[in-house]
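Values below: every heavy atom of this structure, side chains too, minus hydrogens, waters and symmetry copies.
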Amino acid sequence: MKDNSRQLEFMEIDLSEEPETAAVPVPDRSTIVQSAHNTMQHRGGILSSEKRFVEEAKQWAEMEGDVSPWVPFMSYWPTYGVMNEAQRKWYLYWRKEVRQGCYPDTDLSYLFVHIYELINGIGWQNPQDGYDQLKQLWVNYRERLPQLNIYMQEWMVDYVLVHQMETSLSEVMDLSGGYLPAEMLDMELQRILQDKVSDISLNMLQRYYDYDITLSKFYRDGGKEVMEQYIPRVMALVDSYLERTPQVGLLPEFEPNDERTVERILFRKAVYDDSIYGRAVSFRYMPIGEQADFVQMVTRIYRCTENKLRELLGFRGRLRGQTLEPELANLIERYLDKAYATEQAEAVEQPVIQIDTEKLASLQQESEYVRMALTIEEDHPSEVKDDITPTEGSMEPAPSVVEIETGAPEELIRLQWDESAEADLDEEWLLFVNELSPQQVQAIHALLGESPDMELMHLAEKYGTMPTLLLDEINDVAMETIGDLLIDGDRIVPDYIDVFEHVKR
């Protein structure tokens, strides 16, 4: 006999609250769901209830409903079983619309049923697809149904952990307005500091500063957007700088026994069958947020960056407190001076592009004539005159526009001189050439160009570093090979500029 006692219990609660159910917000279900769990546990009902939902969800997975009128639906434990016939029809129609990228107004309980399907592995072919569907539900209904945020920021984290989608944690944090459990924030920060420091965000770092940066007048009056733009770049700059010191980067050094293990209960307050992915998931992390030296370092970097941007933007006042060592502070300030000046210049000098539609149509017509002519020649090769028959080897295809623009693959980039000039190079210069990396070769090309500062800035952004560091690395190579500094003041020193007069670009 089918046990509907639990469903009837919640139906009675729903009907006794308010006749207009659509207008009643879903309250915090933590006490209700826990109470139901405890009540049913000794009778063995809670597990079978969730398994029953999953079995029904599999049967409903491919169903699509016809256009149906919206019917209010509010339940503390929403499942198919507590829907009446009209609610089921609306749900199937609404879910079909959602799957097609439309998000009509509906009640929160309908959303929960669809979310339960997805977290139980129903309605998607691969974990990324399921993640994308959950994200779109969250993004499209969060403003209309604000209570959704409370649950989704936790369930999305669980989903990412269960399916080991580590790179999505930063996105979940951004969607939740900067929230991640402290242990997971440490884990995600460790991953970024090890993989790509420039992926770090102002949101992520807020927990690690030793004061609330949002209280700053500069932050509130437009500085937030500027800091979001520059802090990731500055952190990458500092990390590259520290890699050349005993500290070896921003990531604090830990002992193996410092690592901690956390067990996280999955999908709390949801209709979830824990026989699918388990009751809990464990993960390991390093407690970066507890490292006082790290907190002081990132706070000082933030203060230095904000003070320089205040100066550049003409904002009165400066932050006080402990400062960075002069060499590192000078590096950050020099970078911000150049980056800000370059971006201001680009904003002014950016040309307005206008398309001549008549000329474009003419070119398209000419292109069609050429295509037709080539087609005719292919269809009637015997009609080609003998005096224009190509000789063997003369039909090498011309390089495409893409090939011309991109040039050689990066691993083949090498500093080259005209043949006559290269023959006159001393042995130490040939050694210098062989030691240069592709990035360093491109940096030298930028120094020889018409807009060296702008070209260096673009190059540094491409490789996730800073112009100053690129030039310092070239000087390191020069000291080891030719025995002297090659670059001074961001330019090739005059004593050596004649060596580069015949460099091929």
Determine whether a donor-acceptor pair (N or O, by modelled atom type, separation under 3.5 Å) exists between the side chain of [X] and the backbone of [Y].
X	Y	answer
Asn307	Arg318	no
Asp293	Pro252	no
Trp138	Gln133	no
Asp258	Glu255	yes
Glu188	Met184	no
Asn330	Pro326	no
Tyr302	Ile231	no
Arg220	Leu215	yes

Under a 4.5 Å cut-off applied to non-hydrogen side-chain atoms, are [X] and [Y] in contact?
X	Y	answer
Tyr340	Lys308	no
Met466	Leu331	no
Arg142	Met152	no
Asp274	Phe267	no
Val238	Leu324	no
Ile213	Gln206	yes
Ile119	Asp158	no
Ile192	Met204	yes

(request) Would you list the pairs meeting ring pair (Phe, Tyr, Trp, His ring centres under 6.0 Å) in which at least one residue belongs to residues 273-297, sequence neighbours left out? (result)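 The answer is His163-Tyr277, Tyr208-Phe294.
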State whether [X] and [Y] are salt-bridged, where the test is any N-O pair (Lys NZ or Arg NE/NH1/NH2 against Asp/Glu carboxylate O) under 4.0 Å.
X	Y	answer
Asp210	Arg303	yes
Arg491	Asp453	yes
Glu259	Arg284	yes
Arg207	Asp186	yes

Are there over 12 heavy-atom neighbours, none belonging to [X], within less than 6.0 Å of that residue's [atom1]?
X	atom1	value
Glu225	CD	yes
Arg279	CZ	no
Gln194	CD	yes
Asp488	CG	no

On a heavy-atom basis, which atom in [X] and which in [Y] lie closest, and how many Å separate them?
X	Y	answer
Ala339	Tyr230	CB-CE2, 4.0 Å
Thr299	Val295	OG1-O, 2.7 Å
Gly249	Asp239	CA-OD1, 3.3 Å
Val441	Leu436	CG2-CB, 3.9 Å
Gly123	Asp129	O-OD2, 4.3 Å
Ile474	Ala443	CD1-CB, 3.7 Å

(message) With no hydrogens and no angle check, just 3.5 Å: does a side-chain donor-acceptor pair link His458 and Glu455?
(response)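 No donor-acceptor contact under 3.5 Å links the two side chains.
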(request) State, without any angle test, whether Gln136 and Asp132 hold a side-chain donor-acceptor pair at a distance under 3.5 Å. (result)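 No - no donor-acceptor pair under 3.5 Å links their side chains.
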(message) Tell me if the aromatic rings of Trp429 and Phe500 count as close, with their centers under 6.0 Å from one another.
(response)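 Under 6.0 Å, so yes.
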What's the spacing between [X] [atom1] and [Y] [atom2] if we round to 0.5 Å?
X	Y	atom1	atom2	answer
Met165	Gln128	CE	CD	4.0 Å
Leu266	Ile276	CG	CD1	11.0 Å
Met235	Ile332	CE	CD1	9.0 Å
Asp199	Leu189	CG	CG	12.0 Å
Glu253	Met286	CD	CE	11.5 Å
Met173	Asn203	CE	CG	5.0 Å

(request) Tell me, with the steps shown, if Ile301 and Leu250 meet side chain to side chain contact (heavy atoms under 4.5 Å, CB included). (result) CA-CA 11 Å; Ile301 292 170; Leu250 277 166; 4.1 Å; yes
(request) For the pair Glu171 and Tyr131, evaluate side chain to side chain contact (heavy atoms under 4.5 Å, CB included) and give the outcome as yes or no after the intermediate values. (result) CA-CA 11 Å; Glu171 184 174 44; Tyr131 172 86; 2.5 Å; yes
(request) Could you go through the side chain to side chain contact (heavy atoms under 4.5 Å, CB included) check for Tyr151 and Phe112 one step at a time? (result) CA-CA 10 Å; Tyr151 304 101; Phe112 280 144; 3.5 Å; yes
(message) Please evaluate residues Leu134 and Trp155 with respect to the criterion side chain to side chain contact (heavy atoms under 4.5 Å, CB included), reporting the C-alpha separation (whole Å), side-chain torsions for both, the decisive distance (0.1 Å), and the verdict.
(response) CA-CA 9 Å; Leu134 285 168; Trp155 292 342; over 6 Å; no
(message) Among residues at least two apart in sequence or on other chains, which ones pass side chain to side chain donor-acceptor pair (under 3.5 Å) with Glu154?
(response)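 Result, side chain to side chain donor-acceptor pair (under 3.5 Å) vs Glu154: Tyr179, Arg264.
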